[in-house]
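What follows is a set of notes on a single structure, which appears directly below.
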Amino acid sequence: MKAAGRSVRTRLRDRIAASDPGLLRLTAGLRTVGAIALALGVLAAFGADVTHLVAGAMAAMVATFAIREKELGAQAVTLALGLPVALASVSVSSLLSSRVVVGDAFFVVLIFFAVFVRRFGDRGTALGLIGFQVYFVSLFVGADVSVLPGVLAAIAVAFACSAVVRFAVVPATPAGVLQRLRQAFRARLAQLIATQIELLDAGPDGIERTLEHLRDGTARLHETALMIQSRLEDGTPDASTARLVQRRIADAEIAAERLGLLLLTARSAERADTLTLHLPGAPAPSVGSSPAPGEATEILRRDLGALRTLVLRPPAEARGTALSHLRNRLLGYRDEDNLPEAIPAVQDVFRGIGEAARAVMGLRIALDGPQDESDDTPATTRSREELDAEDAAIDAGEEEAEKDEPTGLRRPTTRAAVQVSVGSSLAIVGGEFLSAQRWYWAVLACWIVFLNTASTGEILVKGYRRVLGTLFGVVAGIVLAGLVGGHTWIAFGLVLLLIFAMFYTAPLSYTLMSFFVTAMLGLLYTLLHTYSLSVLLLRIEETALGAACGIVAAALVLPIRTDRRTNELLGTVLERLTDVTEGAVDQLSGGPAADLLDKARELDQALGDLRAATSPLTHPITPLRARRNTAQYVVALLETCAYHARSLAATAELLPTHPSIAADPRLRGAVRRTVRNIEAIAARVADEDAETGVETGPSIASLLQFEAGGVPRYGRITGRVLRHLERLDEAVVGLARPLGVDVATPKR
């Protein structure tokens with residue numbers, strides 16, 4: 001019974017970990033709600049009135065969500081610096097409350113510097129956000145000189161409560177966050193394997209839905225891998241450990257994605273296109289009734305389930321002969337004589353399971369320490385020796401090259417500061433015409449649509465989502481305000497629930513976040529006895545006005561067009577793709593070792609930036625369907641290229657330690673065409689008038705045969721390397737057409 005209960009708890013924990021990697025959203029919600037609740041309790045104990053309670057609650061929320069640094073010491077310093085900034089901001093707002101013109105002018109200046117100081121990193125961003133938001137809080141509660149002492153005290157209490165909750169009640173150390181992210185990676189890896197089992201059994205009617213789940217699972221696993229990579233430096237004791245974890249995470253991700261491709265190939269009885277895993281809505285391959293009739297199918301289903309068990313089993317339960325037997329059997333598939341009898345495509349799946357089991361074992365060693373070796377078979381011992389040799393070869397002595405930063409108005413923070421200042425000025429003027437008392441809602445909407453956006457298209461989409469969320473939130477606010485009536489503490493309780501929902505859903509949906517914010521504000525107006533239907537309708541008008549002012553400012557003042565930004569980011573992705581491809585092929589050809597994993601991570605980060613920048617082009621409301629389809633196709637092709645480049649980089653780093661892989665100098669010449677094609681596409685992206693084109697020709701395998709005198713000679717490199725090179729070459733050529741680059745086939 002106890003074991004069953006533990007199993008239920010384990011499954012629940014894994015499900016939560018997979019849905020909220022690192023529990024980052026849960027932590028943010030609990031911290032914010034905890035800080036607000038504690039501040040309300042302290043202020044109520046001292047007899048504070050409703051105005052001061054609302055001011056304290058909002059200040060506690062700001063003090064909690066504004067600070068984003070990872071180290072606890074840095075968070076404490078920023079919080080300590082934020083208090084005087086908050087006190088100064090509310091003091092100036094109260095002193096200028098009777099001087100409308102001067103107060104508005106100061107607000108615009110404050111907005112400019114609040115954005116301008118983002119250039120100083122997380123601390124500058126936090127202090128600027130605190131200064132702006134606390135000024136807004138002062139306007140919201142109508143603070144003037146008469147109530148200033150009480151408001152200052154409420155803010156000081158709010159910051160103190162935020163510190164207590166952050167450092168004592170809901171602490172989150174970098175090592176703890178990284179540990180939870182590792183658990184999330186395991187959970188999502190297990191979910192992806194479960195989807196692959198569904199793919200094994202999917203019929204013609206269910207293949208489309210299963211393939212969509214496979215795409216989502218692959219993307220979610222990659223997302224978690226990137227989150228882990230971003231926190232390795234702060235969450236691990238030394239650089240060597242960080243590189244080891246990074247390597248094992250990359251191995252597991254590549255092995256899982258490759259296993260999905262092998263299953264697709266086995267199901268469709270034809271070569272699976274890697275693009276199928278990355279392009280939303282791509283047609284599913286035609287499938288038969290079973291990839292391997294008879295006993296082989298049952299063995300395949302059993303072994304995929306065993307692989308999932310290896311991934312999920314906690315370290316404390318990972319000992320014993322049963323689990324060792326599973327691990328040994330799966331690792332045995334790396335030896336040709338242990339493969340079940342089946343068609344070649346299905347045998348490739350078994351080999352893929354063996355490679356995935358090796359990656360899982362390496363991941364366990366890196367995350368959980370040494371494992372029990374008493375029941376190892378020769379195949380398992382060989383895998384351990386390979387992993388140990390790889391671990392010993394890891395070198396963390398790379399230094400980062402300094403990057404050139406833009407200056408003046410080309411600097412993103414300076415440009416954004418000018419844009420948001422102009423937009424806020426327009427919002428103040430327009431907002432005053434709508435309401436002399438609540439014009440600040442327009443300024444808040446203008447400010448928010450500029451957060452975490454970098455192009456006019458992104459601002460347009462964010463403004464639309466905020467207006468939509470506000471519209472539905474007003475309806476919810478009307479309902480909640482009617483239900484609560486004059487019950488102050490019931491209203492505060494609902495405010496806490498809405499704030500938690502706001503922070504928990506913020507990374508998932510900006511529309512949902514805006515909905516919860518507006519519903520919460522309806523309750524706050526009720527508490528301040530200023531609630532009315534006209535007030536909530538005014539909020540819709542002010543929000544729409546502020547969003548429109550932000551869009552106008554972004555479009556007319558130092559604009560960054562969506563096309564320009566996506567082209568810049570596309571050029572960066574192509575540059576990073578060239579770096580990874582050349583570095584991997586050079587090492588596979590016998591060149592010196594390079595830091596390929598860091599180059600691959602830079603490629604992934606650049607691709608993530610491009611994916612975010614193209615969201616306005618791929619948004620469902622866009623009227624330009626052809627551009628939407630083109631953008632989705634290009635991003636999917638780039639993700640395919642990145643997958644093959646990552647796989648080449650991972651294989652290249654095995655050279656010093658893997659007995660079945662050796663350098664082959666012929667690769668350097670065979671891949672030149674692919675690199676030239678990437679450079680040609682990059683040149684066209686940078687300059688539409690550039691006269692460039694890509695070349696097609698014989699496959700890389702045939703080029704290697706030709707260089708060897710026409711005799712196939714693949715003993716020194718694996719067939720897997722050839723497959724990745726050929727598919728990378730095909731994907732690069734595929735990029736040329738949607739980007740308007742000429743494709744030429746040279747005469748032989």
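Numbering of residues begins at 1 and proceeds along the displayed sequence. Nothing here was measured: the structure is a model prediction, and the numbers come from that model.
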- Carefully, step by step, assess M502 and M61 under the rule side-chain contact (heavy atoms from CB on, under 4.5 Å). CA-CA 11 Å; M502 175 180 69; M61 181 174 68; 3.7 Å; yes
- Query: So W447 and Q133, side-chain contact (heavy atoms from CB on, under 4.5 Å) or not? Walk me through it.
  - Reply: CA-CA 10 Å; W447 161 278; Q133 292 286 5; 4.2 Å; yes
- Item | salt bridge (Lys or Arg N to Asp or Glu O under 4.0 Å) between R220 and E223, worked out | CA-CA 5 Å; R220 285 158 61 88; E223 172 196 24; 5.8 Å; no
- May I have the step-by-step check of side-chain hydrogen bond (donor to acceptor under 3.5 Å, both in side chains) for R118 and T125, ending in yes or no? CA-CA 4 Å; R118 293 181 193 171; T125 301; 5.3 Å; no
- Task: With side-chain contact (heavy atoms from CB on, under 4.5 Å) as the test, would you mind laying out the steps for L508 and M513 before giving the verdict?
- Result: CA-CA 9 Å; L508 303 178; M513 188 199 76; over 6 Å; no
- Would V479 and L483 count as a side-chain contact (heavy atoms from CB on, under 4.5 Å) if you check the C-alpha gap in whole Å, the side-chain angles of each, and the deciding distance to 0.1 Å? CA-CA 6 Å; V479 173; L483 293 175; 4.1 Å; yes
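Looking at heavy atoms from C-beta onward, I36 lies in side-chain contact with I499 at the 4.5 angstrom threshold. A heavy-atom distance below 4.5 Å is not found between the side chains of V117 and L127. A heavy-atom distance below 4.5 Å is not found between the side chains of R438 and L139. At least one side-chain heavy atom of R466 sits under 4.5 Å from a side-chain heavy atom of L444. Proximity of L81 to V77: side-chain heavy atoms (C-beta onward) are separated by under 4.5 Å at one or more points. Between L434 and W439, every side-chain heavy-atom pair lies at or beyond the 4.5 Å cut-off. For the pair L524/V495, a side-chain contact is recorded, criterion being any heavy-atom separation below 4.5 Å from C-beta on. Side chains of T51 and V147 form no contact here, defined as non-hydrogen atoms less than 4.5 Å apart.
The heavy-atom pair separating A442 from L545 by the smallest distance is CB-CD2, 4.2 Å. Residue L43 comes nearest to H52 through the heavy atom pair CD1-O, 3.7 Å, listed as atom of the first residue, atom of the second, then distance. Residues I130 and G82 approach most closely at CG2-O, 3.7 Å, considering heavy atoms. The two atoms that bring V90 and L87 nearest to each other are CG1-O, 3.3 Å, heavy atoms only. Heavy-atom minimum distance, R231 versus L178: O-CD2, 4.3 Å. A pairwise comparison of heavy atoms in G463 and A547 identifies CA-CB, 4.0 Å as the closest pair.
Remark: aromatic rings of W441 and F136 are close, center separation under 6.0 Å.
Between D20 and R25 there is a salt bridge, with a side-chain nitrogen of the basic residue lying less than 4.0 Å from a carboxylate oxygen of the acidic one. Taking the charged nitrogens against the carboxylate oxygens, R539 and E542 have no contact shorter than 4.0 Å, which rules out a salt bridge.
For the atom pair CG of L523 and CG of L497, the computed distance is 10.0 Å after rounding to the nearest 0.5 Å. Atom CG of residue L538 and atom OG of residue S435 lie 5.0 Å apart, to the nearest 0.5 angstrom. The CG atom of L494 lies 12.5 Å from the CE atom of M520; values are rounded to the nearest 0.5 Å. One finds the CZ atom of R565 at 6.5 Å from the CG atom of D609 (value rounded to the nearest 0.5 Å). Atoms CG and OG, from L95 and S97 in turn, are 7.5 Å apart once rounded to the nearest 0.5 Å. For the atom pair CG of L496 and CZ of F500, the computed distance is 11.5 Å after rounding to the nearest 0.5 Å.
Each of S89, S93, S91 was checked for a side-chain hydrogen bond (donor to acceptor under 3.5 Å, both in side chains) with S138, and the lone residue meeting it is S93. When F132, Y440, F113 are each tested for a ring pair (Phe, Tyr, Trp, His ring centres under 6.0 Å) with F107, only one passes: F132.
Using modelled atom types, one finds no donor on one side chain facing an acceptor on the other under 3.5 Å when comparing T511 with R465. Side-chain contact check for T224 and R188: at least one donor-acceptor pair (N or O, by modelled atom type) lies under 3.5 Å. In summary, the side chains of T64 and S162 do present a donor paired with an acceptor at a separation below 3.5 Å, with no hydrogens or angles considered.
Because its NZ or CZ atom is both nearer than 6.0 Å to the ring centre of F116 and within 45° of the ring axis, R119 counts as a cation-pi partner of that residue.
When atom types are taken as modelled, the side chain of T27 and the backbone of L24 share no donor-acceptor pair closer than 3.5 angstrom. Using a distance-only test at 3.5 Å, with no hydrogens or angles considered, a donor-acceptor pair links the side chain of R123 to the main chain of A74. The main-chain N or O of F515 is never found under 3.5 Å from a side-chain atom of T518 such that the two would form a donor-acceptor pair. A side-chain donor-acceptor contact under 3.5 Å links T572 to the backbone of E568.
Annotation: F46, atom CZ; neighbour count of heavy atoms from other residues, nucleotides and ligands within 6.0 Å does not exceed 12.
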